[in-house]
**Student:** 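The structure follows.
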Amino acid sequence: ARPPCPEEHGRWGQLAEAEHLYREAIAGFETQNDVAGAGEAMSRLAIVTGELGGGIAEAGGLLERAISLLEQVPPSEALAEAYVSSGLFQAMAGRPEQALAAVCKVLALGEPAPKPRSWALVARGMARVTLGDVGGIEDLREAVRVARSLAMPTALVLPLGNLAEHEWL
């Protein structure tokens, strides 16, 4: 059976199809003047673009546009996820200060849902460790604890991988 939406295509490894569907969704949302829908779809497209090898610069540009759209509407989980993605991209690009700034925006929205919270802790932990703050390891451990509370094995991949990498070093 084919996955029913772009996100499912991405989970099934069908990233090119997911990219196509997200681009179609963005165009549809823009036609309807649905700023929140366009921003959320664009945020998810940024992740797929990065996974397809589009690079952090291209994915980051999409993410900046998505965030600028999502900031025009009331705060949402989509905005929290976009800030988290920005923090992760910044951390992976070796820009820990920008990663911390993005994570602060997530936390300023209030208590995010468990998955964005876990990923925000990963971004903060990576950034802190990069800056020489070993307290970042505790952020990574907390990210694992939060992800375990979701009872979704796939939610553990990012926090466990980063914790293992930084504890190994």
Side-chain angles (χ1 to χ4, degrees), residues 6-7 10-11 13 15-16 18-19 22 39-73 75-169:
E7 186 174 358
R11 285 188 191 135
L15 297 173
E19 177 186 33
Y22 278 129
E40 183 173 355
M42 195 173 295
S43 175
R44 292 176 185 218
L45 173 62
I47 295 166
V48 170
T49 299
E51 290 176 358
L52 281 169
I56 290 177
E58 182 181 354
L62 282 167
L63 204 47
E64 285 177 25
R65 287 182 41 219
I67 289 170
S68 73
L69 291 172
L70 291 167
E71 287 177 335
Q72 295 175 32
V73 296
S76 64
E77 189 169 330
L79 178 59
E81 289 179 1
Y83 285 148
V84 168
S85 294
S86 177
L88 290 168
F89 282 147
Q90 297 295 342
M92 289 186 287
R95 296 188 290 264
E97 292 88 0
Q98 291 91 333
L100 289 172
V103 171
C104 285
K105 289 179 181 181
V106 174
L107 301 176
L109 293 175
E111 186 62 31
K115 187 174 178 182
R117 181 169 183 264
S118 174
W119 287 18
L121 288 165
V122 169
R124 186 170 75 182
M126 289 169 55
R128 289 177 66 191
V129 169
T130 300
L131 292 169
D133 179 355
V134 294
I137 295 293
E138 189 50 43
D139 285 336
L140 294 170
R141 288 184 183 130
E142 179 63 15
V144 170
R145 286 189 286 274
V146 170
R148 280 197 175 118
S149 76
L150 292 170
M152 293 172 45
T154 57
L156 277 165
V157 174
L158 181 70
L160 276 174
N162 280 279
L163 176 61
E165 177 183 348
H166 289 90
E167 281 196 337
W168 175 263
L169 298 175

**Student:** Which atom pair, heavy atoms only, marks the closest approach of Ala66 to Gly39?
**Tutor:** CB-O, 3.3 Å
**Student:** In sequence, state the C-alpha distance, the side-chain angles, and the governing distance for Glu51 and Glu19, and then conclude on side chain to side chain contact (heavy atoms under 4.5 Å, CB included).
**Tutor:** CA-CA 10 Å; Glu51 290 176 358; Glu19 177 186 33; over 6 Å; no
**Student:** What is the minimum heavy-atom distance between Ala147 and Ser118, and which atoms define it?
**Tutor:** CB-OG, 3.6 Å
**Student:** May I ask you to decide whether Arg124 forms a salt bridge with Glu138, counting only side-chain N to carboxylate O separations under 4.0 Å?
**Tutor:**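 No, no charged N to carboxylate O under 4.0 Å.
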**Student:** For the residue pair Leu62 and Ala46, what are the closest heavy atoms and their distance?
**Tutor:**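 Heavy atoms of Leu62 and Ala46 come nearest at CB-CB, 3.8 Å.
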**Student:** Counting C-beta onward and ignoring hydrogens, is there a side-chain heavy-atom pair between Val84 and Val103 closer than 4.5 Å?
**Tutor:**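 No, their side chains stay 4.5 Å or more apart.
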**Student:** Rounded at 0.5 Å granularity, tell me how far CG in Asp139 sits from CZ in Arg128.
**Tutor:** 4.5 Å
**Student:** Determine whether Glu97 and Leu131 make a side-chain contact, defined as any pair of heavy atoms from C-beta on separated by less than 4.5 Å.
**Tutor:** yes
**Student:** Looking at Ala99 and Ala127, what are the two nearest heavy atoms and their distance?
**Tutor:** CB-CB, 3.9 Å
**Student:** What distance do Ser86 atom OG and Glu64 atom CD have between them, rounded to the nearest 0.5 Å?
**Tutor:** 7.0 Å
**Student:** Can you tell me how far apart CG (Leu140) and CZ (Arg145) are? Round to the nearest 0.5 Å.
**Tutor:**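 Reported value, rounded in 0.5 Å steps: 10.5 Å.
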**Student:** So, do Val106 and Trp119 sit near enough that their side-chain heavy atoms are less than 4.5 Å apart?
**Tutor:**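 Val106 vs Trp119: side chains apart.
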**Student:** Output yes when a side-chain donor or acceptor of Thr130 lies under 3.5 Å from a complementary backbone atom of Met126, and no otherwise.
**Tutor:**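 Checking the backbone N and O of Met126 against the side chain of Thr130, a donor-acceptor pair under 3.5 Å is found.
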**Student:** Look only at the side chain of Ser149 and the backbone of Val146, and say whether a donor-acceptor pair between them is shorter than 3.5 Å.
**Tutor:**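 Yes, the answer is positive, given that a donor and an acceptor are paired below the 3.5 Å cut-off.
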**Student:** To the nearest 0.5 Å, tell me how far Ile47 CD1 sits from Phe89 CZ.
**Tutor:**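 Atom-to-atom, Ile47:CD1 and Phe89:CZ are 6.0 Å apart.
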**Student:** Could you check whether atom CZ of Arg95 has more than 12 heavy atoms from other residues, nucleotides or ligands sitting under 6.0 Å from it?
**Tutor:** yes
**Student:** Tell me the closest heavy-atom pair linking Ala78 and Leu70, and the distance in Å.
**Tutor:** O-CD1, 3.7 Å
**Student:** Please round to the nearest 0.5 Å and tell me the distance separating atom CG of Leu163 and atom CG of Leu121.
**Tutor:**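 Rounded to the nearest 0.5 Å, the CG-CG separation comes to 12.0 Å.
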**Student:** What pair of heavy atoms forms the shortest contact from Glu81 to Pro116, and how long is it?
**Tutor:** CG-CG, 3.8 Å
**Student:** Distance from Glu77 atom CD to Glu40 atom CD, nearest 0.5 Å?
**Tutor:**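 Reported to 0.5 Å precision, the distance equals 8.5 Å.
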